[in-house]
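This report concerns only the one structure given below.
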Amino acid sequence: GAVVSQHPSWVICKSGTSVKIECRSLDFQATTMFWYRQFPKQSLMLMATSNEGSKATYEQGVEKDKFLINHASLTLSTLTVTSAHPEDSSFYICSVWGRSMNTEAFFGQGTRLTVV
Amino acid sequence: DAKTTQPPSMDCAEGRAANLPCNHSTISGNEYVYWYRQIHSQGPQYIIHGLKNNETNEMASLIITEDRKSSTLILPHATLRDTAVYYCIANSGYALNFGKGTSLLVTP
């Protein structure tokens with residue numbers, strides 16, 4: 001069964017509005033979650049690291065005021081795309097590491113965001 | 001993470017073994033070799049990972065050279081559903097950094 005659940009699977013929004021994407025760890029508590037973005041025909045790019053109870057860490061070039069991350073519990077992280085523009089249209093994916101170092105990372109099914 | 005190099009694309013006939021190579025010549029001692037695949041419009045799916053020894057699971061086998069500078073993912077009997085982009089990643093336990101991967105096309 002799924003270890004990481006992402007919601008919604010797809011969303012269409014108007015320019016200027018905000019969209020929230022949820023990532024839930026179903027099998028275990030995750031103090032750290034990762035958010036990726038993938039544009040068409042490109043690879044996944046790490047956007048930010050979501051830390052439970054503290055501020056997220058953003059990769060260079062990712063605007064923290066535009067991509068708000070909240071990790072309020074050990075099983076839920078949310079990514080809010082604020083004031084969305086068409087160029088924010090992308091595939092957003094979250095990830096959670098397994099319980100120990102020698103395990104794999106689990107990925108959500110992704111959220112396809114289209115800004116019109 | 002150490003940089004990995006993979007061929008951009010490969011073809012494989014259905015039912016045959018698919019051997020996907022990966023170079024990671026600068027891999028450090030504490031970095032594992034991970035393999036993931038991504039089918040169109042889905043999140044990456046874990047396949048296998050290893051440190052030094054060869055590994056096998058229900059999906060694939062991972063062969064790591066003795067010097068750990070390269071590895072090969074083997075899908076023993078490829079099916080059409082194995083068509084995907086395959087990513088080889090060297091990682092020591094933090095966020096996975098994805099390269100461009102190998103686009104594997106399994107043909108009837």
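Convention: sequence-line order gives letters A, B, ...; per-chain numbering from 1.
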#### Entry: Test ring-ring contact (aromatic ring centres under 6.0 Å, His included) applied to B/F98 - qualifying residues, sequence neighbours left out
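Listed in chain order: A/Y36, A/F107, B/Y87.
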
[X] with [Y], same ILVMFWY side-chain cluster at under 4.5 Å:
| X | Y | result |
| --- | --- | --- |
| A/V19 | A/M33 | no |
| A/V62 | A/V81 | yes |
| B/I74 | B/L20 | no |
| B/V106 | B/L73 | yes |
| B/L62 | B/M59 | yes |

### Message
Nearest 0.5 Å, please: how far is OH in B/Y36 from OG in A/S95?
### Response
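Taking OG in A/S95 and OH in B/Y36, the distance rounds to 6.5 Å.
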
### Query
Can you tell me how far CZ of A/F106 sits from CD of B/Q45, rounded to the nearest 0.5 angstrom?
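Result: 11.5 Å between the selected atoms.
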
#### Entry: side chain to side chain contact (heavy atoms under 4.5 Å, CB included) evaluation trace for B/Q38 with A/I93
CA-CA 12 Å; B/Q38 186 178 29; A/I93 309 164; 4.0 Å; yes

[X] portion near chain B, given a 4.5 angstrom heavy-atom threshold:
| X | value |
| --- | --- |
| A/Q6 | neither |
| A/L44 | both |
| A/T49 | side chain |

### Message
For a 4.5 angstrom cut-off between non-hydrogen side-chain atoms, does A/Q42 reach B/K100?
### Response
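Side chain of A/Q42 against side chain of B/K100, heavy atoms only: no contact under 4.5 Å found.
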
### Task
Could you tell me whether the side chain of A/W97 reaches within less than 4.5 Å of the side chain of B/L96, counting heavy atoms only?
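Answer yes - side chains close enough.
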
### Task
Report the option among A/M45, A/Q38, A/R112 that has the most heavy-atom pairs separated by less than 4.5 Å from atoms of chain B.
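Counting heavy-atom pairs under 4.5 Å, the top option is A/Q38.
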
### Task
Give a yes or no answer on whether the side chain of B/Y32 reaches the backbone of A/E104 with a donor-acceptor pair at less than 3.5 Å.
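Side chain of B/Y32 to backbone of A/E104, a donor-acceptor pair under 3.5 Å: no, none is there.
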
### Per-residue contact mode, B/S103 against chain A (heavy atom under 4.5 angstrom)
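Neither part.
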
### Task
Assess whether atom NZ of A/K20 is packed by more than 12 heavy atoms of other residues, nucleotides or ligands within 6.0 Å.
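Atom NZ in A/K20 is not packed in, count stays at 12 or less.
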
